[in-house]
There are 2 protein chains.
Amino acid sequence: MNQTRRDVFQAISDPTRREIIHLLARRTLNLNNVADHFTISRPAVAKHIRILTECGLVVVRTRGRETFCEADLKGLKQVSEWANTYQEFWNNKLDALERFLDENPSDENL
Amino acid sequence: MNQTRRDVFQAISDPTRREIIHLLARRTLNLNNVADHFTISRPAVAKHIRILTECGLVVVRTRGRETFCEADLKGLKQVSEWANTYQEFWNNKLDALERFLDENPSDENL
DNA sequence: TTTTTTGGAAACCGTATGGTTTCATTTATA
DNA sequence: TATAAATGAAACCATACGGTTTCCAAAAAA
């Protein structure tokens, strides 16, 4: 749970974290409210939320004794754009690969 | 390197694997050709490729002594669609959250 | 002012991950 | 046929990951 190379792709790789994202997208919740939706322990949920905050997908705001967790999913744009780079692979149009090669001549987006 | 719950989200969480995807999207390569693009060892690359095949993003075809690795990125559609579910968060239109809530009443896509 | 509620933090634990080196095997090539 | 190329497979390693339980502190409520 150290500060490793924490990026959005790694953050969304865990199904529990995707569920948390889904939850917080509807409304802000405090930690216990989030944990109530899962069978795992509260500290485990807290760790997931920390990972989500480390890459900016969740913002935490403390008021009194409560920690409110709010979704800020702008970071998912990067994921969408990355995946869409390869859209030619699932639109089964002809000469899709050719168009892809034309549009991507060198080595940009990893 | 066991057969765990290997899904697309986990497969693309590693930057080396995303680079391999980028590489194979342009053209099919054999294992050594792929490994030549990296500083890590050939067995390490082979393991990454196995993970990519386990979720269908890469297809392997053996001819003679060579193992050709071909990208099959239809599986990334799932990623794109998932991220796009939260598109309202990065299109700064008004009442985006309201629309989101209307369009997603219950608990579908994790 | 006790007593809850809420959550942070620490210490663990088993397993997965990402990497290595070494060796064996199969297929081409000289 | 002897040698080189391409890869699979195994053994190993350090660390990250996802989880737990326990304990402590602060804030709110009785």
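Hydrogens, waters and symmetry mates play no part in the numbers below; they use all other heavy atoms, side chains included. Letters A, B, ... are given to chains in the order of the sequence lines, protein chains preceding strands, and every chain is numbered from 1. For clarity, every value in this text was computed on a predicted model and none was experimentally measured.
Whole-Å rounding puts the A/E54 CD to D/dC17 P distance at 9 Å. When rounded to the nearest whole Å, the span between CD1 of B/I49 and P of C/dT17 equals 17 Å. Rounded to an integer number of Å, the gap from B/R42 CZ to C/dT20 P is 11 Å. C/dA16 atom C1' lies 14 Å from atom CG of B/D7, rounded to whole Å. Regarding A/I51, its CD1 atom lies at a distance of 10 Å from the C1' atom of D/dA16, rounded to whole Å. The distance from atom CD1 of B/I40 to atom C1' of C/dT20 is 11 Å, rounded to the nearest whole Å. In this structure, B/E19 places its CD atom 14 Å from P of C/dG18, rounding to the nearest Å. Across the protein-nucleic acid pair, B/L52 atom CG and C/dG18 atom P stand 11 Å apart, rounded to whole Å.
At a threshold of 4.0 angstrom between heavy atoms, the contacts of A/S41 include nucleobase atoms, whether or not backbone atoms are also involved.
Checking side-chain atoms of A/R18 against main-chain N and O of A/I12 turns up a donor-acceptor pair under 3.5 Å. Listed for the A/R42 side chain is no donor-acceptor partner under 3.5 Å among the backbone atoms of A/A35.
For B/T67, the side-chain atoms get nearest to D/dG8 when compared with the rest of C/dG7, D/dG19, D/dG8. Closest to the side chain of A/L31, out of C/dG7, D/dG8, D/dG19, is C/dG7. Of the candidate nucleotides C/dG8, C/dG18, D/dC17, D/dC17 has the atom lying nearest to any side-chain atom of A/R6. With distances taken from any side-chain atom of B/K47 to the nucleotides D/dT20, C/dG8, C/dG19, the minimum falls on C/dG19. For B/H48, whose side chain is taken as the heavy atoms from C-beta onward, the closest listed nucleotide among D/dA6, C/dG18, C/dG7 is C/dG18. Nearest nucleotide to the A/T16 side chain, out of D/dG19, D/dG18, C/dT6: D/dG19.
Between A/R63 and A/R17, the residue anchored closer to the 5' end of DNA chain D is A/R17, taking for each the nucleotide with the nearest heavy atom. Along DNA chain D, the nucleotide closest to A/R65 and the one closest to A/P43 are compared, and the more 5′ of them pairs with A/P43.
Applying the 4.0 Å criterion to OP1 and OP2 of D/dC17, one finds that A/Q10 has a side-chain N or O inside that range. Between A/N32 and C/dG7 there is a side-chain N or O to OP1 or OP2 distance below 4.0 Å.
The two atoms that bring A/A25 and A/L73 nearest to each other are CB-CD1, 4.2 Å, heavy atoms only.
A salt bridge is defined here as a Lys NZ or Arg NE, NH1 or NH2 lying under 4.0 Å from an Asp or Glu carboxylate O, and A/D14 with A/K47 fails to meet this definition.
Between A/Y86 and A/W90, the ring center distance fails the sub-6.0 Å criterion.
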